[in-house]
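Here's the structure, in structure tokens; my notes come after.
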Protein chains: 2
Amino acid sequence: MANLSGDLDTVFHALSDPTRRAVMRRLVRSPASVTELAAPFEMALPSFLKHLAVLEEGGLISSTKAGRVRRCRLRATGLAAAEGWLGDQRRLWERRSDRLAQYVELRLTREGR
Amino acid sequence: MANLSGDLDTVFHALSDPTRRAVMRRLVRSPASVTELAAPFEMALPSFLKHLAVLEEGGLISSTKAGRVRRCRLRATGLAAAEGWLGDQRRLWERRSDRLAQYVELRLTREGR
DNA sequence: GGATAAGTTAGCCATATTGCTAACCATATA
DNA sequence: TATATGGTTAGCAATATGGCTAACTTATCC
């Protein structure tokens with residue numbers, strides 16, 4: 001059963017492979033068929049298909065079949081989930097840094113008296 | 001040999017596990033020792049240590065040992081690398097959407113004449 | 001010095017991941 | 001209808017991952 005919600009485990013796992021990231025960079029420009037996507041890689045097609053499955057599992061791409069050709073397109077939701085989590089952490093971290101900076105400044109000011 | 005540069009493979013891999021993301025969320029607030037970090041998890045300590053190693057490998061945390069206690073702190077570089085890549089893709093994707101929207105608008109306008 | 005606390009190392013096991021080949025649909029095309 | 005094209009399925013092998021226990025080192029505390 002495919003994980004359409006694209007939870008963080010599967011999203012980040014999908015992004016942890018260079019082949020899969022390359023596919024993402026390709027699809028960011030336009031949708032493409034499986035063989036078009038596979039062309040740049042030396043890999044056998046069944047191996048490549050597994051990568052596509054992992055991307056789809058992570059909600060990073062979606063695909064539909066018309067006739068005998070399957071067309072893949074990028075899904076923004078997966079990217080958004082990952083970027084959202086990272087952004088949250090960074091903002092929390094920056095806020096902490098600000099607090100620390102304020103605290104240090106306060107200490108220095110008091111010591112300066 | 002540790003991967004201090006935090007390339008995307010190791011960064012995303014490190015983030016693909018809930019235990020490791022929980023450690024990140026904890027460290028975003030303040031540095032902490034290994035046992036402090038391990039406390040919320042049922043896992044045996046050696047297992048937990050492997051997770052810390054993966055995070056450090058990905059350049060997401062760093063640690064130093066003082067006496068017998070190892071203190072871990074968050075490293076922003078790993079987060080920045082991951083967020084940077086994701087942001088790039090999203091921007092490219094949005095730009096494509098804009099182009100597409102412009103194109104569609106253009107077509108509609110011409111058809112409207 | 002002896003006990004305790006904080007990590008660490010080594011090694012084992014089960015499962016997941018990533019690659020392959022071979023064989024097999026299903027749909028276009030000649 | 002025969003053949004090629006695009007994709008899929010099944011199954012194998014090597015390696016990686018994520019968990020464990022047992023044993024060990026190195027501080028720190030009494």
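Below, all heavy atoms of this structure are taken into account, side chains as well, without hydrogens, waters or symmetry copies. Labels below follow one simple rule: chain letters A, B, ... track the order of the sequence lines, proteins then strands, and each chain is numbered from 1.
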Nearest-Å distance, CG (B:L49) to P (C:dA10)? 13 Å
For A:R73 and A:S62, indicate whether the former's side chain and the latter's backbone hold a donor-acceptor pair under 3.5 Å. no
Atom-pair distance (CZ on A:R21; P on C:dT18), nearest Å: 12 Å
Could you encode protein contacts along nucleotides 20-30 of chain D as a string, one character per nucleotide from 5' to 3', using B for base contact, S for sugar-phosphate-only contact and - for no contact, with a heavy-atom cut-off of under 4.0 Å? BBB----BS--
Ring-plane angle category for B:F12 and A:F12, please: parallel below 30°, perpendicular beyond 60°, tilted otherwise. parallel
Closest non-hydrogen atom pair, B:A38 against B:L45: CB-CD1, 3.8 Å
How many angstroms lie between NE2 in A:H13 and CD in A:E57, if you round to the nearest 0.5 Å? 9.0 Å
Identify whether A:L74 and A:V69 are in the same connected component of the hydrophobic contact network (ILVMFWY, side-chain heavy atoms under 4.5 Å). no
Interatomic distance where CG belongs to A:D9 and P belongs to D:dG18 [whole Å]: 10 Å
Regarding B:R71, tell me which of base, sugar-phosphate or nothing describes its non-hydrogen contacts under 4.0 Å with the strands shown. nothing
B:L37 CG to C:dA6 P, in whole Å, measures 13 Å
Between D:dG7 (P) and A:E36 (CD): distance, integer Å: 8 Å
Which nucleotide, C:dT18, C:dT8, D:dT8, lies nearest any side-chain atom of A:R70? D:dT8
OP1 or OP2 of D:dG19 less than 4.0 angstrom from a side-chain nitrogen or oxygen of B:H51, does that happen here? yes
When rounded to whole Å, the CD to C1' distance for the pair A:E56 and D:dG7 reads 14 Å
Side-chain N,O (B:T35) to OP1/OP2 (C:dG7) below 4.0 Å: yes
Short side-chain N/O contact to D:dG6 OP1/OP2 from A:S33, under 4.0 Å: no
Euclidean distance, atom CD of residue A:E57 to atom C1' of C:dT18 [Å, nearest integer]: 16 Å
